[in-house]
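Okay, structure first, notes after.
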Amino acid sequence: MAPEHTDTTGPDLARGIGIADLPDGRKLVGHCGDAQVLLVRRGAEIFAVDAHCTHYNGPLVDGLVAGDTVRCPWHHACFDLRTGEALRAPAFRPLACWRVEQRDGKIFVVGKRKRAEPTSSEGSVEAMPEKIVIVGGGAAGFAAAERLRREQYQGSIVMLSDDEAPPVDRPNLSKDYLSGKAPEDWVPLRGESYYSKNQIDLRLGTQVVRIDPHTLEVVLAGGGSIPYDRLLLATGAEPVRLTIPGADQPHVHMLRSLADCRAIIERATTARRVVVLGASFIGLEVAAALRSRGIEVHVVAPDKQPLGRVLGPQMGDFIRTLHENNGVVFHLEEIASSINGNDVKLRDGDTLAADFVVAGIGVRPRTRLAETAGLATDRGVVVNSFMETSVPGIFAAGDIARWPDPRSGDNIRVEHWVVAERQGQTAALNMLAKGEKFTAVPFFWSQHYDVRINYVGHAERWDEIVVEGDIAARDCLLRFKYGGRVVAAASISRDIENLMIEVAMEHEMAAC
């Protein structure tokens, strides 16, 4: 998804550095040949790993060391400093580890360590399923399949996706890829050969019409069926469709799939003006991406303030000003009433000209399969701490899953990419009878031009927002509090603080 990073900045670690140059608890980046290497000292131990995250090449030297792990400052991927293993999404590829020697008061990096051979997954043979079926080809489904094979699961994995494209890095579709800053080869989560190499039977364009928990079968459109021992529902969410007159015209688009994104890009090559319906994260990221392409952008939304309900009024004002400074025109507290050719009519009677329209008015969880199978649902599919539904052997993860949050004591459902990936990983472990609770703190990031907002935690409500730093100067941390307790935090250019809050929340959950 990102280019390889090679550099020769920093000290030559093959020639060594003084031990005093790496104080206890500190990090340092140097090079060994043409590879950048991160050194981390914890007491008498010195770890040496690749210096950049395997997700988007985030600089790990700017991240947080917590125990024997290092966390990426950009998107909160987590790696084991001893083995290099990617412990948590959004990274899946491990870091290379390097051999370190200490002699004559100096630290030397003497070469790359050979990766240890993976061990077979533990667990009783009786409990090990022979056939696992994953319904869904998005974040949770891919993460589950990848983790199953990483755990050396030897049984059958069938992944059924109604999309025509293999699993993609969906956040890129509304960010760099849509803006034209990222090539298409960054978009797939893995190349097509990955699935055959790892014996993952990925079936694209495949519609599941029914699940039969009694016969342990997934029924496909056309009458075929696939048996399972364990089943993961990872069907995600689907965009809420416009129902106004004219919404079915070919120049009216939504953004969910790679095909949707390609269609918008094709329109953008000749368009001069677009109307974006909705001031959600998707809608505003689309607005930023299309402004980067030089297109005039108008945003129509019923909200008084963009993203104010999620990020609060201070950040909402900043985001509006940021977009307006980049040429976006807002029509807030307004909705579209009809689309007639290239005219978008608003409720107040005004008309906006548009070469095309992008609707981002929300999504809803795809729960039909769960409902018809008799699984417990509550504005999503109800799961326990192990991501298992009310029917033993059937798990759910991602946008459809409503799980018990130990911090709030509530059952919550979160529509964030990293959450879906991490839930898929947890579900995979529990399909192998690992008994692993889902304890990851929700996290997401949103990109608007050159501004990245990181958000950790979950705040459906708050009674106080404490602002540290200067939002307008793009250097701030916002703590969302409810009853005197921090329930979430949003930041710009405060990556370490954001990571520290994530770790504190994890410790809080562990104590629950």
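Thr389 contributes no side-chain N or O that, together with a main-chain N or O of Phe395, makes up a donor-acceptor pair within less than 3.5 Å. Between the side chain of Arg115 and the backbone N or O of Thr83, at least one donor-acceptor pair lies under 3.5 Å. Between the Arg26 side chain and the Leu28 main chain, no donor and acceptor come within less than 3.5 Å of each other. Asn384 contributes a side-chain N or O that, together with a main-chain N or O of Met387, makes up a donor-acceptor pair within less than 3.5 Å. Judged purely by atom type and a 3.5 angstrom limit, Gln154 uses its side chain to pair as donor or acceptor with the backbone of Gln152. A donor-acceptor pair is defined here as one N or O able to donate and one able to accept, closer than 3.5 Å; no such pair exists between the side chain of Glu464 and the backbone of Phe480. One N or O on the side chain of Asn198 and one on the backbone of Tyr194 form a donor-acceptor pair closer than 3.5 Å. In this structure a side-chain-to-backbone donor-acceptor pair under 3.5 Å is present from Ser257 to Asp260. When atom types are taken as modelled, the side chain of Asn411 and the backbone of Arg402 share no donor-acceptor pair closer than 3.5 angstrom. A donor-acceptor pair is defined here as one N or O able to donate and one able to accept, closer than 3.5 Å; no such pair exists between the side chain of Asp410 and the backbone of Ile412.
For Lys27, the NZ atom sits in a packed shell: over 12 heavy atoms of surrounding residues, nucleotides or ligands are nearer than 6.0 Å. Sparse packing is recorded around CD of Gln199, with 12 or fewer heavy atoms of other residues, nucleotides or ligands lying under 6.0 Å away. The number of heavy-atom neighbours closer than 6.0 Å to CD of Glu130, taken from other residues, nucleotides and ligands shown, is 12 or below. The 12-atom threshold is exceeded at OH of Tyr449, counting heavy atoms of other residues, nucleotides or ligands nearer than 6.0 Å.
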Original post:
Going through the checks in order, is the side-chain contact (heavy atoms from CB on, under 4.5 Å) test met by Tyr153 and Leu432?
Top reply: CA-CA 8 Å; Tyr153 170 66; Leu432 302 181; 3.6 Å; yes

Subject >> Ile46 vs Val40, side-chain contact (heavy atoms from CB on, under 4.5 Å): CA-CA, chis, key distance, verdict >> reply: CA-CA 6 Å; Ile46 297 173; Val40 177; over 6 Å; no

**OP:** Please test Leu81 against Val65 for side-chain contact (heavy atoms from CB on, under 4.5 Å), starting from the C-alpha separation and ending with a verdict.
**Re:** CA-CA 9 Å; Leu81 285 168; Val65 173; 4.2 Å; yes

Original post:
Should Asp475 and Arg494 be marked as a salt bridge (charged side-chain N to carboxylate O under 4.0 Å, His left out) after you check the CA-CA gap, both sets of side-chain angles, and the distance that decides it?
Top reply: CA-CA 7 Å; Asp475 178 17; Arg494 296 286 186 96; 2.6 Å; yes

Original post:
Passes side-chain contact (heavy atoms from CB on, under 4.5 Å), Leu255 versus Cys261? Steps please.
Top reply: CA-CA 6 Å; Leu255 178 56; Cys261 191; 3.7 Å; yes

Original post:
Taking it one step at a time, do Glu415 and Arg413 satisfy salt bridge (charged side-chain N to carboxylate O under 4.0 Å, His left out)?
Top reply: CA-CA 7 Å; Glu415 295 164 354; Arg413 187 179 66 83; 2.8 Å; yes

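The side-chain tip of Arg190 does not point at the ring of Tyr195 from less than 6.0 angstrom away and within 45° of straight on.
No option in Asp162, Asp163, Asp399 other than Asp399 meets the salt bridge (charged side-chain N to carboxylate O under 4.0 Å, His left out) test with Arg256. For the side chain to side chain donor-acceptor pair (under 3.5 Å) criterion with His76, the lone passing option out of Arg88, Glu502, Arg71, His55 is Glu502.
Across all non-hydrogen atoms, the minimal contact from Val487 to Arg461 is CG2-O, 4.2 Å. Residues Thr377 and Ala370 share a closest heavy-atom pair of CG2-CB, 4.3 Å. Closest heavy-atom contact between Ile501 and Ala489: CD1-CB, 3.6 Å. The nearest pair of heavy atoms linking Ser174 to Ile282 is OG-CD1, 3.9 Å. Across every non-hydrogen atom of Phe318 and Arg474, the tightest pair is CZ-CG, 3.9 Å.
Atom CD1 of Ile200 sits about 7.5 Å away from atom CD1 of Ile134, to the nearest 0.5 Å. Annotation: the span from Ser156 atom OG to Ile132 atom CD1 amounts to 8.5 Å, rounded to 0.5 Å. Taking CZ of Arg320 as the reference point, atom CG of Leu284 lies at 11.5 Å (rounded to 0.5 Å). Here the CG atom belonging to Asp62 is positioned 8.5 Å from the NE2 atom belonging to His52, to the nearest 0.5 angstrom. Rounded to the nearest 0.5 angstrom, Asn454 CG and Gln447 CD are separated by 9.5 Å. Note that CG of Asp229 is 4.0 Å distant from NZ of Lys131, once rounded to the nearest 0.5 Å.
Asp317 and Gln305 share a donor-acceptor pair across their side chains, judged by distance under 3.5 Å alone. Side chains of Asn172 and Tyr56: a donor-acceptor N/O pair is present below 3.5 angstrom, by distance only. Checking Ser446 against Glu285 by side-chain atom types alone, a donor-acceptor pair falls below 3.5 Å. Using a 3.5 Å distance cut-off with no hydrogens or angles, the side chains of Tyr455 and His416 do not pair a donor with an acceptor.
Taking 4.0 Å as the cut-off between side-chain N and carboxylate O, Arg147 and Glu151 count as a salt-bridged pair. Salt-bridge check for Asp303 with Arg309: passed, with a basic side-chain N closer than 4.0 Å to an acidic carboxylate O. The residues Lys112 and Asp50 are annotated as not salt-bridged, no charged nitrogen and carboxylate oxygen being separated by less than 4.0 angstrom. Salt bridge annotation for Glu508-Arg485: present, with a cationic side-chain nitrogen under 4.0 angstrom from a carboxylate oxygen. The pair Arg82-Glu45 counts as a salt bridge, with a side-chain nitrogen and a carboxylate oxygen less than 4.0 angstrom apart.
Residues Leu178 and Leu173 form no side-chain contact, since every pair of their non-hydrogen atoms from C-beta on lies 4.5 Å or further apart. Using a 4.5 Å heavy-atom threshold, the side chains of Met500 and Asp495 count as separate. At least one side-chain heavy atom of Trp445 sits under 4.5 Å from a side-chain heavy atom of Lys175. Here the side chains of Asp201 and Met159 are not in contact, with every heavy-atom distance at 4.5 Å or above.
Between His448 and Phe281, the ring planes lie tilted relative to each other; the angle falls in the 30° to 60° range.
Note: Trp403 and Phe438 meet the aromatic proximity criterion, with ring centroids under 6.0 Å apart.
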